[in-house]
Number of protein chains: 2
Amino acid sequence: MDDTLPQSDMNPADLTGPSHLSCDILIHGAHLFTMQGSGVGYLADGAVAVRGTRIMGVGPTADLRARFEPAEIIDASHCAVLPGLIDAHMHTPLAIFRGVAQDVSQWMQLGLAAFNQHLTSSAAMAGSQLNVLEALKAGTTTFGDYARPFPGWAEFYLQVGVRARLAATINALPPGGMAGWQVGDLYPLDNEAGCRSLDAAIRFTRHWQGAGDGRISLMLGPQAPDMLTRDQLREVKRLAQMEGLMIHMHVAQGDREISQMTQRYGMRTPEFLRQLGYLDQQLLAVHLTEASEQEAELIAQSGTRMVLCSGSIGIIDGIVPPAHAFREAGGPVALGSDQACGNNCSNIFNEMKLTALFNKIRFRDPTVMPAWEVLRMATIEGAEAIGLGDQIGSLRVGKQADLIVVDLRALNLSPVITDPVRNIVPNLVYAASGREVKTVMVAGRLLVRNGQVLTADENAIRSEAQVQATALAKRVAADPIHRGLALMQAMKKGQL
Amino acid sequence: MDDTLPQSDMNPADLTGPSHLSCDILIHGAHLFTMQGSGVGYLADGAVAVRGTRIMGVGPTADLRARFEPAEIIDASHCAVLPGLIDAHMHTPLAIFRGVAQDVSQWMQLGLAAFNQHLTSSAAMAGSQLNVLEALKAGTTTFGDYARPFPGWAEFYLQVGVRARLAATINALPPGGMAGWQVGDLYPLDNEAGCRSLDAAIRFTRHWQGAGDGRISLMLGPQAPDMLTRDQLREVKRLAQMEGLMIHMHVAQGDREISQMTQRYGMRTPEFLRQLGYLDQQLLAVHLTEASEQEAELIAQSGTRMVLCSGSIGIIDGIVPPAHAFREAGGPVALGSDQACGNNCSNIFNEMKLTALFNKIRFRDPTVMPAWEVLRMATIEGAEAIGLGDQIGSLRVGKQADLIVVDLRALNLSPVITDPVRNIVPNLVYAASGREVKTVMVAGRLLVRNGQVLTADENAIRSEAQVQATALAKRVAADPIHRGLALMQAMKKGQL
């Protein structure tokens, strides 16, 4: 990839144009992190010119002020400007039961399933909208959302104006899902349910692909290798090849899955997927929780891309997945927040920090995964992992104008030091909370200004989420299934 | 400790008083986490009555509204109210060079020392004030600050109105500190410098002990067992016994220290301190980075208390200290943010989250250090660790009125679910950033309201910190010592 950093990044076409080019917005005076080149592509006193959905110019403020006649100027003095953050793996509807299943073993069966069973379409929509706004305010501009489609899901992304990379869940789980299954039992797979699920996903995918001037794009979403039949997995791969779609799949996501695969096929997930022809650059493999370093290396060498959900896997499993080995073997890694019932928040600043820290701890080495590397995973490397590296992830001429402005005058990001070493990237990764994001732009449109969402009614969405959550919790409480929740003991002991 | 949770916590004296007792402030309608009992002491729709510096009543809103006639009412509907958070170990002046030494080996020598050598009193004060406000806004009410005294240090704590538990650094390091030392060499110790340092600390301690109606209290601060002579350590212990002071000391804080101790005394730190008579409940031992689980257990069994600085030790060393073993052996553990040049931020919400997650990872077990336990470490258990368990750390009648109000309507803390399981504590620990803290009270006085600091000028403090940091960085850049900074390579490669 030719991603070098010119002093002033100019379209050849510009050279023959008038002395002042018109543009919609000029953001200037910034500590600019273009993410061009192999580092963070820093420019002191930098500027970005935007016209329509795209970046027209990137360079020193003085240069761009001389070249462009902007309709609007945004002063980013004392701010960092960087590409919008990419959350490559989310289940936004599940935010409706944020925080109900922490600190437990067997999170899926003993924490999540009882709530999941009572999830309605309205609750899913309310949770999704809440989660999208939460993440947007913390600087997420691209949403790798993964769900069984429900009315309003994609429509809300269109309305808010962010970029979405959606995957409609495909599985062959019988109606009722996983509730009531005993741990260790081989799941029943329901071929007919799997076909219905696949058909619905395909219809959804074809309907939404490319909507919103391309802001909405789709992947195929077979849930996990243990949740579809082998034939259905083959059919998904055939469709992906035929329609040129990536496959977004949970891979080696827990000892539960490995046990299913070993029981059903006599082999671990990575070998199963290799034999099935799944390991190539069409695959976005999420988690790899239970993959060994060797398995991670082999998967990376196949061209497969990875999503690392540090917060979620830390809370749910107490595990640091082998993303370091995956990257060392040349595979690109994106970050994901997964879901708020396992991770409690969707915030890529949080994921950057946890990723850097967890990996230092895994290797007992403070030099592992330095700040600039995780910032790349949240931007340009993440974009490459989800197959959008040519459109987003760095600030360069011709790319989509997805960017965020972060106020460095926040006390926790102060003071700014630029020489002899610069402290901005370490502070963005280790000190920022996401609340320092003041402005968010996607495809040239301002979605957040001065910390306020412009394209949706935050108060209405929060209120609706509370109404839906209260109703959902009431349904769970009325269902005897709740007695099996792992956290009922903690409630009795006054620990919640 | 008798810390049970009555339905309505009432002074016996109240029973004989008038039917309506006057109080200054009544906070009501809250999700109240009293931290009484062995869990989190939750009360739905709870209230706290405050008169002067103390808590007069804790109970259901209806009860307290019937009993008290408040001068002012604070409506805490949709909020969590909990004891003020305790940051038991900080070096606030070092915030002036926040974020200049991350992702490096030998943080102290190759990251910190060059900046530390150019730290002036004015820079120290500017850094300290910045750090105090940052932490206060994130809900910290008690500051275990540790520094070589500089003009204005304690005065600022008096002004802002928080509670401070100060330790004046005592060491026998020669003038010039550690800059230029080769890693692995035995440090020279300077007996005379040590005596001057001890004298100054004693004078400072006696002068400030009990100031601000007891809000300022002191500990003795021998920096580390490898940084004083054995005779000076004996003298510090003698003084501590004579004056009834606790000793706040870094213990087993790195392989560097262990190497010094082994070279100088032929034994590791814990055995050295045992032989010296240091291991008892006067000692607040910070870090224990390099202590084994067995050493941690032995130290805990001696009555010693511990401070765990998860973020700092994670970033600096990539290590999870043995706090779990320490607690299992019965020792109380407080949380600390250490310093912003190693941890980048001072925020006990951050420390709670990292502590829970790091320990799950250390033991590959999601049930280790659940949310309620780390919330106790940040409140009542932390208070006990620093010797203030009878005054702060829980909301109960007679204790100091140190409390915070957290807005649960923040998107990342929404929705609130109370039945069949309650999600508030998990969300406070795993999702809150600290920016959701709306109101902070210390000793009955409101210091933060609606997120704004009332007792200091935030803008002026931030500006002065920037001025001081720029000047300090210029001094470092002009000193050839900066060429040895580990991060100079990252600067050259465009990674910062």
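Every chain is numbered from 1, with letters handed out A, B, ... down the list of sequences.
The CG atom of A:Asn427 lies 6.0 Å from the CZ atom of B:Arg98; values are rounded to the nearest 0.5 Å. Atom-to-atom distance recorded for A:Ile361:CD1 and B:Ile319:CD1 is 9.5 Å, nearest 0.5 angstrom. Interatomic distance, A:Ile316 CD1 to B:Lys360 NZ, rounded to the nearest 0.5 Å: 11.5 Å.
Ranked by non-hydrogen atom pairs under 4.5 Å with chain B, the options A:Val429, A:Leu411, A:Leu413, A:Val416 are led by A:Leu411. Interface remark: of the candidates A:Ala101, A:Gly39, A:Ser463, A:Ala477, A:Ala477 forms the most heavy-atom pairs closer than 4.5 Å to chain B. Ranked by non-hydrogen atom pairs under 4.5 Å with chain A, the options B:Leu133, B:Asn423, B:Val476 are led by B:Asn423. Counting heavy-atom pairs under 4.5 Å between each of A:Gly99, A:Pro366, A:Ala431 and chain B puts A:Pro366 at the top. Heavy-atom pairs under 4.5 Å with chain A were tallied for B:Ile96, B:Thr367, B:Asp365, B:Val425; the largest tally goes to B:Thr367. Of the listed residues (B:Glu134, B:Arg435, B:His482), the greatest number of heavy-atom pairs within a distance under 4.5 Å of chain A belongs to B:Arg435. Put simply, of B:Ala138, B:Pro370, B:Gly314, B:Ala490, the one with the most heavy-atom pairs under 4.5 Å next to chain A is B:Pro370.
A:Ile417 has its side chain within reach of B:Val100: a pair of non-hydrogen atoms, C-beta onward, lies under 4.5 Å apart. For the pair B:Pro426 and A:Leu496, the minimum side-chain heavy-atom distance is below 4.5 Å. Counting only heavy atoms from C-beta outward, the side chains of B:Leu354 and A:Leu354 approach each other to under 4.5 Å. Contact of the B:Lys353 side chain with the A:Cys345 side chain is registered, since non-hydrogen atoms from C-beta on lie closer than 4.5 Å. Taking the side chain as every heavy atom from C-beta outward, B:Asp103 and A:Trp372 never approach each other to under 4.5 Å. A heavy-atom distance below 4.5 Å is not found between the side chains of B:Pro415 and A:Thr470. Taking the side chain as every heavy atom from C-beta outward, B:Gln495 and A:Arg422 never approach each other to under 4.5 Å. Between B:Asn412 and A:Asn347, the closest side-chain pair of non-hydrogen atoms is not below 4.5 Å.
Only the backbone of A:Asp317 has a heavy atom closer than 4.5 Å to any heavy atom of chain B. Contact annotation for B:Ala95: only backbone heavy atoms (N, CA, C, O) come within less than 4.5 Å of a heavy atom of chain A. Of the atoms belonging to A:Val104, it is backbone heavy atoms, and not side-chain ones, that fall under 4.5 Å from chain B. Of the two parts of A:Ala432, neither the backbone nor the side chain holds a non-hydrogen atom closer than 4.5 Å to a non-hydrogen atom of chain B. If you measure heavy-atom distances from A:Arg409 to chain B, the contacts under 4.5 Å come from both the backbone and the side chain. Contacts of A:Ser346 with chain B are absent, with no heavy-atom separation under 4.5 Å from either backbone or side chain.
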Inset, instruction - Let me see the working for B:Val421 and A:Phe97 under side-chain contact (heavy atoms from CB on, under 4.5 Å), right down to the final yes or no. - result: CA-CA 10 Å; B:Val421 293; A:Phe97 34 85; over 6 Å; no

Inset, instruction - List the steps, then state whether side-chain contact (heavy atoms from CB on, under 4.5 Å) holds for A:Gln466 with B:His78. - result: CA-CA 11 Å; A:Gln466 186 59 61; B:His78 312 294; over 6 Å; no

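With hydrogens and angles disregarded, no donor-acceptor distance shorter than 3.5 Å links the side chain of B:Arg462 to the backbone of A:Ser414.
When every heavy atom of B:Pro420 is checked against every heavy atom of A:Ala473, the shortest pair comes out as CD-O, 3.7 Å.
Between the side chains of A:Asn350 and B:Tyr430, not a single donor N or O lies within less than 3.5 Å of an accepting N or O.
The residues A:Glu373 and B:Lys493 are annotated as not salt-bridged, no charged nitrogen and carboxylate oxygen being separated by less than 4.0 angstrom.
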